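Let me begin by presenting the structure, written as C-alpha cells, before commenting on it.
When reading the values below, keep in mind they use all heavy atoms of this one structure, side chains included, and skip hydrogens, waters and symmetry mates. This is a predicted model, so every value here is computed, not measured. Protein chains get the first letters and strands the later ones, always in sequence-line order, with residue 1 at the start of each.
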Amino acid sequence: MTQGIIQDKVSAALTGALLSAREKGLLNLESLPPVHLEAPKRPEWGDVSCTVAMSLSASERKAPFEIAQIILDHIEHRDSLFARAEIVRPGFLNLTVQPGLWKEVLHQIEAQGEQYGHSQLGRGRRVLVEYVSANPTGPLHVGHGRGAAVGQALVGLLRATGHDVASEYYINDAGRQMKLLGASVLARYRESCGQTVSFPDDGYQGEYIRAVAERVKAERGAALLSLPVEDAERQSREFAYRELLALIRQDLERFGISFESWFSEASLLSSGAVEQVLAELKTKELLFDQDGAQWFRSSAFGDEKDRVVRKQEGEYTYLASDIAYHRDKLRRGFDLLVDVWGADHHGYIPRMQAVVQAYGHPKERLRVVLVQMVNLLRGGRKVEMSKRAGEFITLREVMDEVGADAAKFFFLMRDSSTHLDFDLELAKQQSQENPVYYVQYAHARIASLLRVAASRGIECPRPSRATLELLEDPDELALIRKLSAFPVVMEASAGELEPHRMAYYLRELAGMVHPFYNKHRILPPAPDSEPSAAILPDSAPTPNRGTDTIPPGLTGARLALMWAVQQVVRNGLNVLGVSAPEQM
RNA sequence: GCGCCCGUAGCUCAGUCGGAUAGAGCAUCAGCCUUCUAAGCUGAGGGUCGCUGGUUCGAUUCCAGCCGGGCGCACCA
C-alpha cells in the first residue's frame, strides 16, 4: 500500500525515528505501529500530519507531546526532508516537506505515463467480476445501466491494481422467467394473427414483446398456430431469447462494455452440472430431504435458514443452478469472486457465501457489490416506471438522451449501495451543473492549452526537461500534492470495491484545475492580443491575468505540471470507462 | 416480528484504520469574457453530523438502545 511517493518517504523517516528512539531506550514500542499520515485540512498545518504520537501515548505512558518531540529529534536528515516540522497541541506532528521534493511526483508521472496510479497490489490474484447478468426477457433499463457502469469500473480498478481480471455475464436462460417469455410472445403472436387469447398472468407486458411477436410472424407466418402448444411456446421462447439477448449485447456494446465470457444457466442444467453439484453436497451431508423437497443446509454456515434447491414437483430452484454456477467459478481457479447485484437481492448473500464455504473456501472469497435503485428524474420530477406494466426507461433511451459518458459518470458518482437520483435534464446539460463535463473539460482544456502552445512554437517540456524548481506557488504545490494522492485513491477505490471514490477524486482534481487556470497565467499573452504599452496611460490599472507577462521558464514548468495533471485525469477517467476528450 | 442498508447545509451527497474550527456540488444572492476554451472563475449566506447513553485524551466515525426511511424475509428470479 502506498500513501503517495512523498508520503511514503515521510512515513519511512518517521518509522526510522521511532526505531532509533527505541534503540536509545526512549520508547518501548513492543510492536512498531504503522505510521499513518493524513492530509491536514488547513494549510498552516503543513503538507502532511501524523497522529502516531497520540496513539502511542497510552502504551508508552508518556504525554503525546513528549513522544512527538522524541520522534522529531530522531528524524535523520530532518532539514533536507522538511522545511518545517512542528508539534501542535495534544501531539499532532505537522510537517511541511521541502518544496523541491514534490517535483518527484511529476517525474514519477512522466516515467509511468498511462501506468501512473497503477500498482501490483493485487499480485496477479485472479478475480472474476460478474455483472449485469440481466434476464434476457427484455431490454436493459437504467438500473442495469448502473450495474454495468459499476461492474466495468470495478474491472478497471482491479486491473489497474495488479489483479488478473476476467468479466462475465450470467445468462438466466432457464426456468420460469423464460417460460413466461415464450408464453407472452406466443400470446401476442396469436393476437396478431387475429386470435383472441388470454394473456399469461405474470406475462411480460412491454411493447417490445409485441415487436418480437411481429418478427416471429414475419419470419414464420402462421406456422406456429398449427403446432402443439408446447412446441409453439418453445419456438417463441427461443426466438425471443435470441432477439432479446442480441439487443442486450448491442446496448452494452454501445455503452462501451464488453465481457470476456457469457455463461449460460441452461448449460448447467443440460450438462448435468447441477445434479453433480447437489450430489457433492449430499456427500458433504449438506443436503437433505424434507416435505418432499430437497434442501441445502445453508444454516450450517450462518444463513438464517436452510434453502430449497429442488421443489416438490422436482424442478430445480434458481439457487440450485446458482450453486452450480459458483462452484464452476471456484473450480476455474479464481481467488476472488466479485458479484454485482441489485440491492434487492441482498438477502441472497448469506446463502451464496454458504455455498462458497461449503466448498471449503472462506466466505470472503465472494464479495458482493450491491447496486441500489436509480430514481429517474426529469427536471426534478420523478419519472414513473413500472416493470410489471412493462413501462420503464431503457438504458438505450438514456444513452440516446444524455450519452454514454454522462450516464456512466452519473452512475459512478455515488456509493453504489445508496439510492441514486438521476436527473436526465441535468445529465444532458453541458454546463457547470454537470460533473461529467466539468471533469472532461479539465482534460480538454489542458489539451487545448498544449495545442495553442505548440501552434505558437512554445516548447512544452516534459517534467524531466522543465525547471520544476520554479513551481513554488501554494496553488502549484497543492496541485502536485493532489496528483500524488492518485495512486492512493486507486488502491482504496479498488480495495473497497467503491468506484465512486475515484469519481470524487476526479471531481476534486478538476475543481483545482479550473481555478488554477483562471488565476495563473501559463502561456505568455498572444502576440496579436497584447495591447501596446505605448498607448496605455501611466494610470492604467494593474494588468490582469490576460496581459501578465510570464517568464519562459515558468511557462515551461507550468506546462509540464498541466501535462501531468492531464495524464492523471485521463488515467482516472480511463479506469472508470469514461472518455477523456481532447476538445469539447 | 427478524435481518441488511441508510439518516451529515434548502436539495443531492463525500467524509473506513477515532483526530484539530465537519466538506463538495446544485440551488439562492453579488460579481468576472477584446485575453491560454465562460462546458470556466471569484465572493457571500447556509449545520444540535436523526435522538439518547456508553467506550477515551478526543466520536460524524466504534458500541448499545430508541426514532424515521428503504429493501429483504418464496418450493420467484
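Checking S321(A) against E265(A) by side-chain atom types alone, a donor-acceptor pair falls below 3.5 Å. Side chain to side chain, H419(A) and N375(A) fail the donor-acceptor criterion of an N or O pair below 3.5 Å. Of the N and O atoms on the side chains of D47(A) and T96(A), not one donor lies less than 3.5 Å from an acceptor on the other residue. Between the side chains of E496(A) and S493(A), no donor-acceptor pair is found at a separation under 3.5 Å.
Residue N172(A) has its side chain nearest to rA77(B) when only rA77(B), rC36(B), rG72(B) are considered. Candidate nucleotides rC41(B), rA77(B), rA14(B) were compared by shortest atom distance to the side chain of T317(A), and rA77(B) ranks first. Of the candidates rA77(B), rG25(B), rG40(B), the closest approach to any side-chain atom of H345(A) belongs to rA77(B). Counting only heavy atoms from C-beta on, N135(A) has its side chain closest to rA77(B) among rC73(B), rA77(B), rG40(B).
Residue Y316(A) forms a side chain to side chain contact (heavy atoms under 4.5 Å, CB included) with just one option from V309(A), L278(A), I323(A), V308(A), and that option is L278(A).
Straight-line distance from the OH atom of Y348(A) to the C1' atom of rC73(B): 14 Å, rounded to whole Å. Rounded to whole Å, atom P of rC57(B) lies 14 Å from atom CG of L56(A). Here rC26(B) presents its P atom at 18 Å from CG of L377(A), a figure rounded to the nearest Å. Here rC57(B) presents its P atom at 12 Å from CZ of R61(A), a figure rounded to the nearest Å. Rounded to an integer number of Å, the gap from Y517(A) OH to rC41(B) C1' is 11 Å. For the pair R351(A) CZ and rC73(B) P, the interatomic distance rounds to 8 Å; values are reported in whole Å. As rounded to whole Å, 12 Å separates atom P of rA14(B) from atom CG of D421(A). Look at CD on E508(A): it is 10 Å from P on rG15(B), rounded to the nearest Å.
In this structure the side chain of V569(A) reaches within 4.5 angstrom of the side chain of L509(A), judged on heavy atoms. You'll find the side chain of V355(A) stays beyond 4.5 Å of the side chain of R327(A), heavy atoms only.
Comparing Q290(A) and G347(A) against RNA chain B, the residue whose closest nucleotide sits nearer the 5' end is G347(A). With RNA chain B read from its 5' end, the first of the two nearest nucleotides for A58(A) and D291(A) is the one closest to A58(A).
Nucleic acid contact for R176(A): sugar-phosphate only, since backbone atoms but no base atoms lie under 4.0 Å from a heavy atom of the residue. Contact annotation for P34(A): base contact, defined as any heavy-atom pair under 4.0 Å involving a base atom. Among the protein residues, H419(A) comes within range of the sugar-phosphate backbone only, with heavy atoms under 4.0 Å from sugar or phosphate atoms but none that close to a base. Among the atoms of the strands shown, base atoms are found under 4.0 Å from some heavy atom of M54(A).
Residues from residues 486-499 of chain A with heavy atoms under 4.0 angstrom of RNA chain B, sorted by number: E496(A), E498(A). Looking at residues 292-302 of chain A, you'll see A293(A) sit with a heavy atom under 4.0 Å from some atom of RNA chain B.
Ring centroid separation for the pair F263(A) and Y169(A) does not come in under the 6.0 Å cut-off. Taking the six-membered ring where the residue is Trp, the centroids of F92(A) and W45(A) are separated by 6.0 Å or more.
The pair E315(A)-R310(A) does not count as a salt bridge, with every side-chain nitrogen at least 4.0 angstrom from each carboxylate oxygen. Looking at D339(A) and R367(A), no side-chain N of the basic residue comes within less than 4.0 Å of a carboxylate O on the acidic one, giving no salt bridge.
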#### Entry: M562(A) and L479(A): CA distance, side-chain angles, deciding distance, side chain to side chain contact (heavy atoms under 4.5 Å, CB included) verdict
CA-CA 9 Å; M562(A) 287 299 113; L479(A) 214 36; 3.8 Å; yes
### Working for side-chain hydrogen bond (donor to acceptor under 3.5 Å, both in side chains), residues Y204(A) and Q177(A)
CA-CA 9 Å; Y204(A) 291 92; Q177(A) 303 303 320; 2.5 Å; yes
#### Entry: CA sep, side-chain torsions, deciding dist, call: F296(A), F288(A), ring-ring contact (aromatic ring centres under 6.0 Å, His included)
CA-CA 7 Å; F296(A) 169 45; F288(A) 64 93; 9.5 Å; no
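One C1' atom belongs to rG68(B), the other to rC5(B), and the distance between them is 14 Å to the nearest Å. Using atom P as the reference point in both rA24(B) and rA14(B), the two lie 16 Å apart (nearest Å). A distance of about 12 Å separates the C1' atoms of rG46(B) and rC11(B), rounded to the whole Å. Rounded to whole Å, the C1' atom of rG10(B) lies 12 Å from the corresponding atom of rG45(B). Rounded to the nearest Å, the gap between the C1' atom of rU21(B) and that of rC2(B) is 43 Å. Nucleotides rG7(B) and rU61(B), compared at atom C1', are 15 Å apart to the nearest Å. Across rG25(B) and rC63(B), the matching P atoms stand 31 Å from one another, rounded to whole Å. A gap of 33 Å separates the C1' atoms of rG19(B) and rG70(B), to the nearest Å.
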Please write out each protein N/O paired with an N/O of nucleotides 20-22 of chain B under 3.5 Å, distance rounded to 0.1 Å.
{"from": "rA20(B)", "atom 1": "OP2", "to": "K41(A)", "atom 2": "NZ", "distance (Å)": "2.2"}
{"from": "rA20(B)", "atom 1": "N6", "to": "S49(A)", "atom 2": "OG", "distance (Å)": "3.0"}
{"from": "rA20(B)", "atom 1": "N6", "to": "N94(A)", "atom 2": "OD1", "distance (Å)": "3.0"}
{"from": "rA20(B)", "atom 1": "N1", "to": "N94(A)", "atom 2": "OD1", "distance (Å)": "3.1"}
{"from": "rA20(B)", "atom 1": "N1", "to": "N94(A)", "atom 2": "ND2", "distance (Å)": "2.9"}
{"from": "rU21(B)", "atom 1": "O2", "to": "R42(A)", "atom 2": "NH1", "distance (Å)": "2.9"}
{"from": "rU21(B)", "atom 1": "N3", "to": "R42(A)", "atom 2": "NH1", "distance (Å)": "2.9"}
{"from": "rU21(B)", "atom 1": "N3", "to": "R42(A)", "atom 2": "NH2", "distance (Å)": "2.8"}
{"from": "rU21(B)", "atom 1": "O4", "to": "R42(A)", "atom 2": "NH2", "distance (Å)": "3.1"}

Between the protein and nucleotides 43-50 of chain B, list the N/O to N/O atom pairs that are separated by less than 3.5 angstrom.
none

### Task
Let me have a per-nucleotide readout for nucleotides 1-11 of chain B, 5' to 3', with B, S or -, counting only protein heavy atoms under 4.0 Å.
--BBS------
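In this structure, rC33(B) is classed as syn because its glycosidic torsion stays within 90° of zero.
Between Y438(A) and rC41(B) there is a side-chain polar atom (N or O) within less than 4.0 angstrom of OP1 or OP2. Checking the phosphate oxygens (OP1, OP2) of rC36(B), no side-chain nitrogen or oxygen of H514(A) falls inside 4.0 Å. Side-chain nitrogen and oxygen atoms of R501(A) include none within less than 4.0 Å of the OP1 or OP2 phosphate oxygen of rU16(B).
Counting only distance, with no hydrogens or angles, the side chain of H326(A) and the backbone of D322(A) share a donor-acceptor pair below 3.5 Å.
In RNA chain B, runs of at least 3 stacked Watson-Crick or G-U pairs (N1-N3 plus N6-O4 or O6-N4, or N1-O2 plus O6-N3, all under 3.5 Å) give these stems: B:1-5 with B:69-73, B:10-13 with B:23-26, B:28-32 with B:40-44, B:50-54 with B:62-66.
When the shell of 6.0 Å around CD of E44(A) is examined, it contains more than 12 heavy atoms from other residues, nucleotides or ligands.
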